[in-house]
Amino acid sequence: MSDRWAVAATDGGGALLVPLGRDGRPSGDVRAEPDLVAAVGSRPEVGRWVWRSTAEIYPRLLGAGVRVERCYDIEDAESLLLGHEGRHGEPRSAAAAWARLHDRPVPPDPPQRAAEPGSQSSLFEPQPVPVPFEDLLEVYADQQRRHEAAEHPDRMRLLTAAESAGMLVAAEMNGTGLPWRADVHRAVLDELLGERYAGGGDPRRMAELTDEISAAFGRRVRPELPADVIRAFAQAGIKVKSTRRWELAEVDHPAVEPLIAYKKLYRIHTAHGWGWLQDWVRGGRFRPQYLPGGTITGRWVTNGGGALQIPKVIRRAVIADDGWRLVVADADQMEPRVLAAISRDPGLMEVAGQPGDLYKAVSDRAFAGDRDMAKLAVLGAVYGQTSGDGLKNLAALRRRFPRAVAYVDDAARAGEEMRLVRTWLGRTCPPAVGSGDDGEAGIPQDDDRPSAAVREGEFTPGYASTNARARGRFTRNFVVQGSAADWALLMMAALRQSLKAAGLRAELVFFQHDEVIVHCPAEEARTVAEAIRAAGDLAGRIAFGETPVRFPFTTAVVECYADAK
DNA sequence: AGTCCTCACCGG
DNA sequence: AACTCCGGTGAGGACT
C-alpha cells in the first residue's frame, strides 16, 4: 500500500490514478475510474495526492464534500524549483516541464483570466496546457530529483509541501467564506458616506464636502482629480507637488480639512462601497480568491475583492454567526523574530526568546529604553532605510546585534550584484533580468534610461547605480519578509491539520500575512486559540530547527472583527 | 473599445 | 519628520 498517489482528471468527470513509490515513480498500474470524486473520496488512506494543479481539481472535490489530507501541486512546485534554479522566466506548466526534459519546443504559459467576483472556484486557474498522465508522472519524478539538487534539499521539500498545503487552505477558505453582514456594511456606508441620491453621483456626505472644498477655493473643484486640486492650490498661491494626505496636511488653507475628509470617504466609496458589496458578498459570506505565493516574497495575494486591504471601519461588517465566535490571532513582531531565527544573532535570539514586548527589549539593550527608536531602527534595517535618524539608529543596532544586521546587509549586497537571494526555505528572488519591460514586476531593473533620481542630479558617482541600490533594498527586505512568509505557510498548514485532527467544527476563514481568523462555535474558542499558539510554535521548530526564538500571537475572541484590536 | 499608466489610498 | 519594504484597488486620462 502506497501512501502517495497521483491523480488526474479526465474528460467527463473521470480520473486516472496510480500509486507512487519512494522514488516518485509509479509502483503499480495506472487505473482509469469513471468518477473523480469517488476515486479520491474512497481512498482516505492516501496520505498525499499528487496532481497537476490544486486549482484545477480540488474545488471539484470540495464541492462534493471531499477534503484531502495533503497534496503535492506539480505546477506550483515547478514554479518554485525553476526559481531556485535561477530560471524564473521559463514557463511553469507541467507540459513545459516535460518538453524541457525531452528537448522539445516549450509551450508558453497561458495568460491568467480575470477574477470572477463571488466565484466558488477557489484559485483563478489559467486555461491548462494539456499534458498526458504519463508525462505528468515523469515530471513529478524528475522534480523529486531536482529537490535533491537544491541548496538545502530538506528545506526545499518543506517549501513545496508547505505551499501545496497553502493551496488546499486557500481552496477551502474560498469555499467557506468570511462571515459578512451586508446589512451592517450598508449601515456603515450610510453613516460614513451619507445616503445615495436616486440620480447617481456622489453620496450626500461626499457631495457636501465637494461643496465645502469648492467654496474654500472660490471655484468648482473636483477633489478626486489630483491635477485639478493642484491647479486650485496654485491659483490660491500655494505650490503643492502632490495631493497626498501628508503633504496637504502641512498646508494652511480652508480646503485642506474637507479635502482630507473627502479622500478617506472616496477611498471607501470606490474600493469597499455598495458596488463592492454587490459584487463580492453572497449568502452572508465574502469569498476572496486567495493565491498562495502570489508575490515574489511568497506572501499571498487575492485576485479581486481586496481582501488583504479591508479598511478598519469596514471590519465592523465581519460578524460571527449566532453562537459562534471569531478567533483573531496576530503574530507578534513577526519580522524581527524571523530575522533573529535566520541570522542566528545571539543577542536578537535571546530577545526574541523572551516573552513580552520585543521592541521594548531591544530598546533596553541598545536604545536606552526608547521603544519607538528601537522599532524604527529594526524596521529601518529590514526596509533598507538610507537617510535621516534611521542611519544613526542602525549603527546602534549594528553594535548590539551585529550578525542580524550583517545578514540583511549581505542580502542587500547580493541584490546589488545581481546574485540570487533566497528565503530560509529556498524561495528565490530573481535577479533583475533583461532590460526592457519584460522583467518581473517589482524588481528594479538595470536599464539604459536614467532613473528619475539620476535625472535630478542625485546620482552618486563611484557607487552602485540607483537601480542597483533599489534592488538591494528589495533583496534586503526579501530575505526577512519572504522567510516570514515561509513560517506563516507552515503555521497555516499546521493549524489546518490540528483543527481537523481535533474534530472541531472550527473553520479557517481569513489569512493576511501575519494574521489568521478562525470561525468557530463559542465553546471551541479556547481550544482554537491554543491550537493557533501550538501551530506557531510548531512552524518555528519545523522551519528553523532548534532555535530559542518564539513566535507568540496576540489572540482575541470576538463576535465582530472590528473589536479585535 | 481596449490597454497602459499615474495617482492616491488601503492593508501588512 | 518623512513617507524607506511588500502588495491590491479603482478612477481618470492618454494612448493605440
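Model, not experiment: these values are computed from the prediction. Here is how names work: the chains are called A, B, and so on, in the same order as the sequence lines, proteins then strands, and each is numbered from 1.
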J.: Among B:dG11, C:dT4, C:dC6, find the nucleotide with the atom closest to the side chain of A:R473.
T.: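 Nucleotide nearest to A:R473's side chain: C:dT4.
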J.: Report the nucleotide, chosen from C:dG12, B:dG12, C:dG7, that has the shortest atom-to-atom distance to any side-chain atom of A:T295.
T.: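 Looking only at side-chain atoms, A:T295 lies closest to C:dG7.
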J.: For A:Q512, report the nucleic acid contact type (base, sugar-phosphate, nothing); a contact means any heavy atom under 4.0 Å.
T.: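 The answer is sugar-phosphate, as A:Q512 gets under 4.0 Å only of primed atoms, P, OP1 or OP2.
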J.: Which sits closer to the 5' end of DNA chain C, A:L308 or A:A271, going by the nucleotide each is nearest to?
T.: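 With A:L308 and A:A271 compared, the 5'-side residue is A:L308.
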J.: Could you check which of B:dG12, C:dG7, C:dA11 has an atom nearest any side-chain atom of A:Q309?
T.: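 For the A:Q309 side chain, the nearest candidate turns out to be C:dG7.
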J.: Quick check: are there more than 12 heavy atoms from other residues, nucleotides or ligands sitting under 6.0 Å from CZ of A:R550?
T.: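 Atom CZ in A:R550 is not packed in, count stays at 12 or less.
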J.: Between A:D514 and A:W487, is any pair of side-chain heavy atoms under 4.5 Å apart?
T.: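 No, every pair of side-chain atoms sits at 4.5 Å or beyond.
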J.: Given atom CD of A:Q333 and atom P of B:dG12, what is their separation to the nearest angstrom?
T.: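 To the nearest whole Å, that distance equals 15 Å.
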J.: Using a heavy-atom cut-off of under 4.0 Å over every strand shown, decide if A:I310 touches base, sugar-phosphate, or nothing.
T.: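 Sugar-phosphate, backbone atoms only, no base.
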J.: Please check if the distance between the ring centroids of A:F510 and A:H519 is under 6.0 Å.
T.: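 A:F510 vs A:H519: aromatic centres not under 6.0 Å.
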J.: Distance criterion of 3.5 Å, no angle test: do you see the side chain of A:R267 paired donor-to-acceptor with the base of C:dG10?
T.: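 Under the 3.5 Å cut-off, the side chain and the base do not form any donor-acceptor pair.
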J.: Scan A:F478 against the nucleic acid and name what it touches under 4.0 Å (heavy atoms): base, sugar-phosphate only, or nothing.
T.: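 Answer is nothing: A:F478 stays at 4.0 Å or more from every strand.
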J.: Look at the side chain of A:T270 and decide which nucleotide, out of C:dA11, C:dG12, B:dG11, has an atom nearest to it.
T.: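 Side chain of A:T270 sits closest to C:dA11.
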J.: Taking NZ in A:K375 as the centre, count heavy atoms belonging to other residues, nucleotides or ligands within less than 6.0 Å. Is the count above 12?
T.: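 For A:K375, atom NZ is not crowded (no more than 12 foreign heavy atoms under 6.0 Å).
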J.: Within this structure, what is the CD1-to-P distance between A:I314 and C:dG10, rounded to whole angstrom?
T.: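 One finds 15 Å between P of C:dG10 and CD1 of A:I314, rounded.
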J.: Rounding to a whole Å, what distance do you find between A:E250:CD and C:dA2:C1'?
T.: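 It works out to 9 Å between those atoms.
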J.: Quickly work out the A:L259 CG to B:dC9 P distance and round it to whole Å.
T.: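 Spelled out: CG on A:L259 to P on B:dC9 is 10 Å.
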J.: Tell me which nucleotide among B:dG11, B:dC7, B:dC10 gets nearest to the side chain of A:K264.
T.: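 Nearest nucleotide to the side chain: B:dC10.
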J.: In whole angstrom, what separates A:D330's CG from B:dG12's P?
T.: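 Going from A:D330 (CG) to B:dG12 (P), I get 8 Å.
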J.: B:dT6 C1' sits how many Å from A:D228 CG, rounded?
T.: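 The answer, rounded to whole Å, is 16 Å.
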J.: Parallel, tilted or perpendicular for A:W276 and A:H185, by the 30°/60° rule?
T.: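 Rings of A:W276 and A:H185: tilted, 30 to 60°.
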J.: Taking only the side-chain nitrogens and oxygens of A:K263, find out if one of them lies under 4.0 Å from OP1 or OP2 of B:dA8.
T.: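 So the side chain of A:K263 is outside the cut-off, no N or O lying under 4.0 Å from OP1 or OP2 of B:dA8.
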J.: Can you tell which of C:dG12, B:dG12, C:dC5 lies closest to the side chain of A:H513?
T.: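 Closest nucleotide to the A:H513 side chain: B:dG12.
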J.: Ion pair present between A:D409 and A:R403, side-chain N to carboxylate O less than 4.0 angstrom?
T.: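 No, this pair does not count.
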J.: Hey, does A:G294 reach any base, or is it just sugar-phosphate, or nothing, if we go heavy atoms under 4.0 Å?
T.: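 Counting heavy atoms under 4.0 Å across all strands, no contact is made by A:G294.
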J.: Indicate the ring-plane relationship of A:W300 and A:Y290, choosing parallel, tilted or perpendicular according to the 30° and 60° boundaries.
T.: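 Correct class here is perpendicular.
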J.: Quick one: which of B:dG11, C:dG12, C:dC5 gets closest to the side chain of A:E224?
T.: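 So the nucleotide nearest the side chain must be C:dG12.
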J.: Quick check on side chain to side chain contact (heavy atoms under 4.5 Å, CB included): which of A:I319, A:L189, A:I314, A:V318 does A:V184 satisfy it with?
T.: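 Answer after filtering A:I319, A:L189, A:I314, A:V318: A:I319.
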J.: Between atom NE2 in A:H269 and atom C1' in C:dT9, what is the gap in whole Å?
T.: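 It works out to 14 Å between those atoms.
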J.: Does anything in residues 240-248 of chain A come within less than 4.0 Å of DNA chain B? Heavy atoms only, and list the residues if so.
T.: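 Within residues 240-248 of chain A, the residues near DNA chain B are A:S242, A:T243, A:R244, A:R245.
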J.: How many whole angstroms separate atom CZ of A:R231 from atom C1' of C:dG13?
T.: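 Nearest whole value for this atom pair: 12 Å.
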J.: Can you tell me if the side-chain N/O atoms of A:R222 get under 4.0 Å from OP1 or OP2 in C:dA11?
T.: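 Checking A:R222 against C:dA11: no side-chain N or O falls below 4.0 Å of OP1 or OP2.
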